[in-house]
Amino acid sequence: MARRSLPFLKDLLSRSSPSRITTRSVTYMHRPGDGTPRPVTLIPGDGIGPMVTGAVEQVMEAMHAPVYFEKFEVHGNMKSVPQEVLESIRKNQVCLKGGLITPVGGGVSSLNVQLRKELDLFASLVNCFNLPGLTTRHNNVDIVVIRENTEGEYSGLEHEVIPGVVESLKFCSERIAKYAFEYAYLNNRKTVTAVHKANIMKLADGLFLESCREVATNYPGIKYNEIIVDNCCMQLVSKPEQFDVMVTPNLYGNLIANTAAGIAGGTGVMPGGNVGAEHAVFEQGASAGNVGSEQILEQKIANPVAILLSSAMMLRHLQFPAFADRLETAVASVILEGKYRTEDLGGSSTTQEVVDAVIDALD
């Protein structure tokens with residue numbers, strides 16, 4: 001959800017003003033054939049995944065959105081992502097995914113990481129922002145965390161050199177720097193901050209900074225700065241509104257995105273996605289730590305907001321901007337009203353009650 005989405009939130013707050021003049025934005029002139037329904041690969045996932053992706057299916061049907069889903073059963077305890085799933089994503093180029101449980105330790109690798117590697121989804125994007133009506137400790141938070149997705153410690157590139165000695169491989173990727181600055185340029189963002197630990201990791205993180213500095217010279221209209229990850233975490237929890245776009249290596253970005261999500265309202269409301277040159281996978285932006293929660297599953301109180309906003313990002317990616325706007329506006333209005341919220345947002349509503357409220361709020 002880019003900064004271009006914020007005007008509709010402000011617009012929503014001003015609708016009660018009698019002086020407001022209703023206007024229609026400049027029309028979207030589509031190309032012939034743009035309205036043809038697009039196939040999207042759907043991976044409901046584990047735990048609450050089917051519940052929240054089912055919410056997306058209901059809302060898409062209610063909007064008559066020009067997408068249809070090819071659904072596949074994939075679970076985190078599988079040894080690998082089934083080949084037919086990868087073929088579907090390569091064909092459709094777009095996927096919507098629920099959470100997949102990742103085993104801790106042992107010999108089973110993360111299917112989330114496998115997907116990123118197989119499809120070369122090198123950039124992860126998480127938008128952490130304040131939703132009007134949702135009370136948080138900090139206001140005016142609107143941070144986009146862009147992290148490298150296929151290299152570094154978090155990618156699983158590690159091996160045991162000798163018994164008891166494990167080596168983790170870390171690389172530098174210029175393309176993540178290019179993606180971050182291109183994102184900032186296309187979304188009218190003003191500042192890109194590179195997060196690093198080059199004071200200690202002088203070679204690996206030093207190369208990361210060199211790449212960022214070189215790319216920054218091609219974008220003179222965008223302010224560029226750098227911050228050590230330790231200081232970044234402290235600044236993030238004390239004054240998060242100072243940050244705009246943050247570009248990070250793999251592991252740092254995972255931690256920072258989840259911290260920023262907690263500051264801005266919680267992982268249940270933060271959209272995100274993963275993108276490469278040819279494919280994109282959209283999912284809840286910050287870690288779905290409750291994906292396997294039996295209590296949430298039994299009580300049917302999983303928060304669908306994050307995946308709904310991620311699906312709005314998907315609609316915009318597919319060049320269906322009016323449908324994306326309708327969905328974002330409906331979700332924002334439900335949050336603003338405050339009547340239907342799940343327990344993590346201080347309410348007592350079920351997943352279905354939130355979905356029904358979003359459907360009722362659709363233009």
Side-chain angles (χ1 to χ4, degrees), residues 1-2 5 36-76 78 81-82 84-102 110-116 118-121 123-127 149 267-276 278-288 290-291 302-321 323-328 330-331 351 354-355 358-359 362:
M1 188 166 167
S5 301
T36 303
R38 292 282 301 274
V40 173
T41 304
L42 176 62
I43 301 175
D46 294 315
I48 66 170
M51 191 182 302
V52 294
T53 57
V56 174
E57 290 183 277
Q58 291 181 60
V59 173
M60 292 293 176
E61 183 178 356
M63 286 199 301
H64 303 291
V67 297
Y68 61 94
F69 294 106
E70 296 178 359
K71 191 183 300 187
F72 293 89
E73 289 293 324
V74 181
H75 300 287
M78 292 179 172
V81 180
E84 61 267 26
V85 178
L86 293 173
E87 290 173 359
S88 174
I89 299 174
R90 290 190 176 109
K91 172 178 66 75
N92 299 333
Q93 299 184 310
V94 176
C95 172
L96 183 70
K97 185 177 78 67
L100 292 172
I101 293 176
T102 299
S110 166
L111 294 196
N112 295 303
V113 173
Q114 282 187 34
L115 265 178
R116 295 165 194 162
E118 286 285 344
L119 302 171
D120 195 25
L121 304 171
S124 165
L125 185 150
V126 181
N127 190 189
N149 222 10
T267 58
V269 295
M270 301 302 153
N274 310 276
V275 67
E278 298 180 359
H279 313 99
V281 174
F282 295 88
E283 59 186 336
Q284 180 170 321
S287 294
N290 60 2
V291 64
N303 190 344
V305 169
I307 195 74
L308 286 172
L309 292 177
S310 297
S311 64
M313 286 176 60
M314 179 190 75
L315 288 170
R316 193 164 285 112
H317 179 80
L318 290 169
Q319 297 187 335
F320 299 136
F323 288 93
D325 289 344
R326 287 177 62 201
L327 178 50
E328 288 174 342
V331 171
T351 305
V354 175
V355 174
V358 170
I359 291 173
L362 287 169

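Quick note: residue numbers are just sequence positions, from 1.
- A donor-acceptor pair under 3.5 Å links the side-chain atoms of T351 to the main chain of A302, judged by distance alone.
- For the side chain to side chain contact (heavy atoms under 4.5 Å, CB included) criterion with L115, the lone passing option out of V113, L111, L119 is L119.
- Taking the side chain as every heavy atom from C-beta outward, L318 and F323 never approach each other to under 4.5 Å.
- Put simply, the side chain of L315 reaches to within 4.5 Å of the side chain of V67, judged on heavy atoms.
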(message) Using the rule given for side chain to side chain contact (heavy atoms under 4.5 Å, CB included), can you reason through Q93 versus K91, listing the C-alpha separation, both sets of side-chain angles and the distance that settles it, and then say yes or no?
(response) CA-CA 6 Å; Q93 299 184 310; K91 172 178 66 75; over 6 Å; no
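- Taken to the nearest 0.5 Å, the CD atom of E70 stands 11.5 Å off from the CD1 atom of I43.
- Taken to the nearest 0.5 Å, the OG atom of S311 stands 4.0 Å off from the CE atom of M60.
- Side-chain atoms of V94 and M314, non-hydrogen and from C-beta on, do get closer than 4.5 Å to each other.
- If you take OG1 on T53 and CG on L308, they are separated by 10.5 Å, rounding to the nearest 0.5 Å.
- Within the model, atoms CZ of F69 and CD of E61 stand 10.5 Å from one another, a figure rounded to the nearest 0.5 Å.
- With ring centers used as reference points, F282 lies under 6.0 Å from H317.
- Checking K97 against N112 by side-chain atom types alone, a donor-acceptor pair falls below 3.5 Å.
- In this structure, D46 contributes its side chain and G76 its backbone to a donor-acceptor pair below 3.5 Å.
- Rounded to the nearest 0.5 angstrom, E87 CD and T41 OG1 are separated by 11.0 Å.
- Nearest heavy atom pair, residue T267 against residue A306, reads O-CB, 3.7 Å.
- Residues A55 and P304 come closest through the heavy atom pair CB-CB, 3.9 Å.
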(message) Go through it in stages, so that I can follow the logic: the residues are R316 and E328, the test is salt bridge (Lys or Arg N to Asp or Glu O under 4.0 Å), and I'd like the CA-CA distance, side-chain angles, deciding distance and then a yes or no.
(response) CA-CA 11 Å; R316 193 164 285 112; E328 288 174 342; 3.1 Å; yes
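- For E278 and R90, the salt-bridge test fails: no basic side-chain N is under 4.0 Å from an acidic carboxylate O.
- For the pair L362/M63, a side-chain contact is recorded, criterion being any heavy-atom separation below 4.5 Å from C-beta on.
- Counting only heavy atoms from C-beta outward, the side chains of Q284 and M270 never approach each other to under 4.5 Å.
- Taking CG from L100 and NE2 from H75, the interatomic distance works out to 9.0 Å, rounded to the nearest 0.5 Å.
- With contacts defined as side-chain heavy-atom distances shorter than 4.5 Å, the pair S310/E283 does not qualify.
- Within the 4.5 Å cutoff, the side chain of E57 has heavy atoms near those of the L42 side chain.
- Of the possible polar contacts, one joining the N149 side chain to the L121 backbone as a donor-acceptor pair under 3.5 Å is found.
- Between Q58 and I359, the shortest heavy-atom contact is O-CD1, 4.1 Å.
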(request) Evaluate side chain to side chain contact (heavy atoms under 4.5 Å, CB included) for L125 paired with N274, printing each intermediate quantity in order. (result) CA-CA 6 Å; L125 185 150; N274 310 276; over 6 Å; no
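- Under the 4.5 Å side-chain criterion, counting only non-hydrogen atoms from C-beta, P82 is not in contact with F72.
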